[in-house]
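Everything on this sheet refers to the single structure shown next.
Computed from a predicted structure; not experimentally measured. Quick note: numbers below take in every heavy atom, side chains included, and nothing from hydrogens, waters or symmetry partners. By convention in this document, chain letters (A, B, ...) are assigned in the order of the sequence lines, proteins followed by strands, and residues within each chain are numbered from 1.
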Protein chains: 2
Amino acid sequence: MAQARRYAGGVDGNRSLERGIEILRAFRPGVDTLGNGEIAERTGLPRSTVSRLTRTLVNSGMLDEVRTERSYRLAASVISIGHAMRTGSPVLNTIGAMMRAESAKRRLNVGLATADRTMMVYLESIRYSPRAALRNVVAGQQVPMELTSLGRAYLAGIAEPERERLLKLFKRRSTAATKALLADVRRSISAVESDGFCAVSWQPAVLAVATPIVLEGLPVYALNMSLQNVDRSDALASEIGSYLNAFAAKCKEALAGREPE
Amino acid sequence: MAQARRYAGGVDGNRSLERGIEILRAFRPGVDTLGNGEIAERTGLPRSTVSRLTRTLVNSGMLDEVRTERSYRLAASVISIGHAMRTGSPVLNTIGAMMRAESAKRRLNVGLATADRTMMVYLESIRYSPRAALRNVVAGQQVPMELTSLGRAYLAGIAEPERERLLKLFKRRSTAATKALLADVRRSISAVESDGFCAVSWQPAVLAVATPIVLEGLPVYALNMSLQNVDRSDALASEIGSYLNAFAAKCKEALAGREPE
DNA sequence: CCCCTAATTCCACTGAGTGGAAATGCGAAG
DNA sequence: CTTCGCATTTCCACTCAGTGGAATTAGGGG
C-alpha cells in the first residue's frame, strides 16, 4: 500500500531526519504557530507523515504543542542550540569584544555574518546609537546575499565553483533586473578584490561596507560597518572602507593567534 | 546482521529524527567542534549511525563540516531558526519593548525566560547599565531551574503533576544538600502563591525576583528583575517584587489584548 | 444535533535504515 | 619513504521502522 517515491538521498542521508529539519525550517521569521496541514503544504510532505514527525519534534523538545488550536510553535530549545552555536564560535568569541569597541570608537554599526543557503545570517550586529536607547541585538536575522554588502563580500571570499552556483540561484529567483543586478554583484566582487571591501546601499539612506574573513577550517564570514541617515558618496564609502580594512586586519591577527588551538 | 535494539518510540515517534536532534543537542554551549567519535560517545549511538546522521545534518545545513580535522560544528542555520522562534513569539513581541522601557525606568535588569527540560532559557535579557557599555543580549542562555528565581517562578506557574516530575529530577541530579534545596524550592513556590513573586540570590551579590506568566495556549513563562552588587535584604526584595508585580500585571493586560488573534 | 473540515490513527507493505565487519584514510613515528 | 595504529567511513545482508492512502476520530460552526 505504501507507495513511497524512492528516496533520492541514497545510502548517505537519512530521509526522516531531513524531513524533520524541513519542518523546523517551515517556521520562518514572523510565523507563530503552524498546524500540521500548513506544514504539509509548505513542505510538500504527506499529512500523516507530518503528523508523526511533529509529534517526534515535540517529544524531542524542538516544538511546543498548542492543543487548543491543534498547532505547533518552535520551542525554547531552538534558541538554546542557537546560543550554543554562538558561544562555540571561535570567531565571535575572539572578535566580539573588538567589534563592540570598534563600534563605539568609530561611531557606526558593526556586524558579523555568514551564509545560510542564499541568505546572510548575522552572528552579531552592534548598532551604534548615541543615546543608550540601544536596539536589541539581531543575531540570527537574515538578509539577502545578493543585495547586501555582507553577502557580496561573502561571495568574494568563497571558492569559484560555489560562487557560480549561488549566482545561478539568484538569477532564478529575482524576477526583474536580473542582468543589471548580477552585473552589480560582480562589480562588488571585483571591488573586494581590488580595494578589500565593497560598498552597497540596499536600504535607503544606509551606507554599508563589508569585507570577507577567510580562515582555514572555518566557514567564510563577512564583517561590515554601516551608517544610517547619510547620502551615498564615494568619499564616505572609501573612508569607512579604510576603517573596515584596518579593523579586519586587526581581527585576522587576533584570530590567527588563537586558531591552531 | 543488524541487531537493532527494538525502538521504544513505538508507532509514534521517528527514531532517526530523534537521534539527529540528539546529535544537535550534543553541542553544548562552549563546545566548538565535535568529531563523529565524540558525538557517538556523548549520545551513545553507534559510530556508523552517527556518521550517516551527521552527513545528513550537513546536507540539511544544520552542521558545518571541518574537513581538516574531521569534525563538525553547528551551522548558521541554527541561529536563524532561533531567530524565527524569537520573532514568532507573541509574548516577546508584545512585551519586549515594555521590558526595555521598564529596565530603563527602574534601573535594573529585566528578563524573560521559559523552560527547556530542566533549564530555564532566556528569550530576552535586558541588562541595565548606567554607562552604555551594554552587554550583549544573552537570549538562549540557560540557567538551572531549581536554583534561580526564574525557574522557581516557572515551577509555581505549571500544573501540579509536571511540577512534581521536575522536582524528582532535581533530586536525582543534585548531589548534596538535596533536602534543604528542595525545601527551599518549595518555599519559593509558596512565596509566589502568596506574594506573587519569589526572591533568590543564586549568584553572589545578585538579587533576583521572578513571577510566572501563565496564558492559555502558550508555554508558561517567567519574568524577572534583578540587581547586581547589593546585599540580600527582605526590604529590597519586596520593593523590587512590588515593581515586578505591577509590571507583570501591565504585561498580562497587553497580552490579553492581542492573544485571541 | 448534525454536518463538514482537518487531524490522527490504522494497517499491510517494503525499502530505508541499521550496525557489525571490512576497508579506507590520515598522521605520526621510524 | 614506509609502516604502524587509530578513527572514520563504506559495505552489506537483514529486517523492522517508517510509509502513505484509507478509515476513523475529533472539533467547530450553523
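- Of the side-chain N and O atoms in A:Arg15, none sit less than 4.0 angstrom from OP1 or OP2 of C:dT18.
- Residues satisfying the salt bridge (charged side-chain N to carboxylate O under 4.0 Å, His left out) criterion with A:Arg73, sequence neighbours excluded, are A:Asp32.
- Counting atom types as modelled, B:Arg52 pairs a side-chain N or O with a base atom of C:dG19 as donor and acceptor under 3.5 Å.
- Applying the side-chain hydrogen bond (donor to acceptor under 3.5 Å, both in side chains) rule to B:Asn36 yields the partners B:Thr54; only residues at least two apart in sequence or on another chain are considered.
- OP1 or OP2 of D:dT19 sits under 4.0 Å from a side-chain N or O of A:Ser16.
- C:dA16 atom P lies 12 Å from atom CD of A:Glu18, rounded to whole Å.
- Residues passing the side-chain hydrogen bond (donor to acceptor under 3.5 Å, both in side chains) test with A:Ser60: none are found, sequence neighbours excluded.
- For C:dG17, the OP1/OP2 oxygens have no side-chain nitrogen or oxygen of B:Asn14 closer than 4.0 Å.
- Over its full length, the helix from C:dC1-D:dG30 to C:dG30-D:dC1 turns its helical axis through 50°, comparing axes from the five pairs at each end and rounding to 10°.
- Sorted by first then second residue, the side chain to side chain donor-acceptor pair (under 3.5 Å) pairs that include residues 153-167 of chain B, not counting sequence neighbours, are B:Glu160-B:Arg163, B:Glu162-B:Arg165, B:Glu164-B:Arg186.
- Every side-chain hydrogen bond (donor to acceptor under 3.5 Å, both in side chains) that A:Ser80 has, sequence neighbours left out, goes to B:Asp116, B:Gln142.
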Expected rows: protein N/O vs nucleotides 6-9 of chain D N/O, under 3.5 Å:
{"residue": "D:dT8", "atom": "OP1", "partner": "B:Gly37", "partner atom": "N", "Å": "3.2"}
{"residue": "D:dT8", "atom": "O4'", "partner": "B:Arg70", "partner atom": "NH1", "Å": "3.3"}
{"residue": "D:dT9", "atom": "OP2", "partner": "B:Asn36", "partner atom": "ND2", "Å": "2.1"}
{"residue": "D:dT9", "atom": "OP2", "partner": "B:Ser51", "partner atom": "OG", "Å": "3.1"}

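- Whole-Å rounding puts the B:Leu53 CG to C:dT18 C1' distance at 10 Å.
- Atom CG of B:Leu17 and atom P of C:dG17 are 11 Å apart (whole Å).
- Across all strands, B:Arg19 comes closer than 4.0 Å only to sugar-phosphate atoms, never to a base (heavy-atom distances).
- Nearest heavy atom pair, residue A:Ala76 against residue B:Ala115, reads CB-O, 3.9 Å.
- Within the structure, salt bridge (charged side-chain N to carboxylate O under 4.0 Å, His left out) pairs that include any residue of residues 89-99 of chain B do not occur (at least two apart or interchain).
- Using a distance-only test at 3.5 Å, with no hydrogens or angles considered, a donor-acceptor pair links the side chain of B:Thr211 to the main chain of B:Gly196.
- For B:Thr118, the side-chain hydrogen bond (donor to acceptor under 3.5 Å, both in side chains) partners two or more places apart in sequence, or in a different chain, are B:Arg173.
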